[in-house]
Amino acid sequence: MPGTRPLPFSEAVRVGEMLYLSGQLGTDSTGRLVPGGIGPETRQALTNIADVLERHGSSLDQVVKCTVMLADIGEWAAMNEVYVTFFRSHRPARSAFGTSGLALGARLELECMAIRNVG
């Protein structure tokens with residue numbers, strides 16, 4: 001992001017044909033959390049993940065595993081309502097857990113592993 005300090009991690013690392021994505025928050029292009037709580041943050045985080053995957057030669061259809069970190073595990077069902085709209089037929093393996101806090105006061109952080117599109 002212009003005007004921000006570089007973060008101490010890569011958005012994605014490739015090992016062979018695997019991509020390991022760093023966690024994504026529900027932030028917009030300015031680096032601010034989208035308003036509205038868990039639903040909009042989940043939508044934005046998954047949109048951010050789709051963008052990272054595309055930049056690195058993959059897509060949501062190639063995701064094999066996701067990890068969801070929730071500021072409040074009680075928001076698990078609300079997060080799932082949005083999550084399933086991004087993975088309608090292809091369902092990656094997934095873990096989810098509650099945390100004691102996330103960067104920027106986010107409601108969730110989501111990370112994924114995916115295969116690069118081959119061919």
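Being a predicted model, the structure only gives us computed values, none of them experimental.
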Look up atom CG in Leu46 and atom CE in Met79, then write down how far apart they are to the nearest 0.5 Å.
-> 9.0 Å

With Ala50, which residues qualify under side chain to side chain contact (heavy atoms under 4.5 Å, CB included), at least two apart?
-> Leu60

Check: Gly101 main-chain N/O paired with Thr99 side-chain donor or acceptor under 3.5 Å = yes

Applying side chain to side chain contact (heavy atoms under 4.5 Å, CB included) to Val84 and not counting sequence neighbours gives Arg91

Evaluate side-chain contact (heavy atoms from CB on, under 4.5 Å) for Ile49 paired with Phe86, printing each intermediate quantity in order.
-> CA-CA 11 Å; Ile49 285 168; Phe86 283 80; over 6 Å; no

Which residue pairs pass the side chain to side chain donor-acceptor pair (under 3.5 Å) test when at least one of the two sits in residues 102-114, sequence neighbours left out?
-> Glu75-Arg107

Verify the distance criterion only: is there a donor paired with an acceptor across the side chains of Asp61 and Ser59 at less than 3.5 Å?
-> no

Do you know the tightest heavy-atom contact between Pro40 and Pro35?
-> CB-O, 3.4 Å

Of all pairs that satisfy side chain to side chain donor-acceptor pair (under 3.5 Å), the ones with a partner from residues 40-54, not counting sequence neighbours = Gln44-Asn48

Residues that, via side-chain heavy atoms closer than 4.5 angstrom, fall in one hydrophobic cluster with Leu102 = Met69, Phe97

Who passes salt bridge (Lys or Arg N to Asp or Glu O under 4.0 Å) against Arg14, sequence neighbours left out?
-> Glu17

Hits for side chain to side chain donor-acceptor pair (under 3.5 Å) against Ser95, two or more places apart or cross-chain, chain-then-number order -> Lys65

Between Gly98 and Ile73, the two heavy atoms sitting closest are N-CD1, 3.7 Å

Remaining members of hydrophobic cluster (4.5 Å side-chain criterion), Leu33 = Leu25, Leu104

Positive for side-chain contact (heavy atoms from CB on, under 4.5 Å) with Leu110, one of Leu21, Val68, Leu70, Thr67 = Val68

Mind jotting down which residue pairs meet the side chain to side chain donor-acceptor pair (under 3.5 Å) criterion with at least one end in residues 78-90? Sequence neighbours excluded, please.
-> Asn80-Arg94

Other ILVMFWY residues reachable from Val13 by side-chain steps of under 4.5 Å = Val15, Met18, Tyr20, Val64, Met113, Ile115

If you link ILVMFWY side chains whenever their heavy atoms are less than 4.5 Å apart, which other residues fall into the same cluster as Val34? By chain and number, please.
-> none

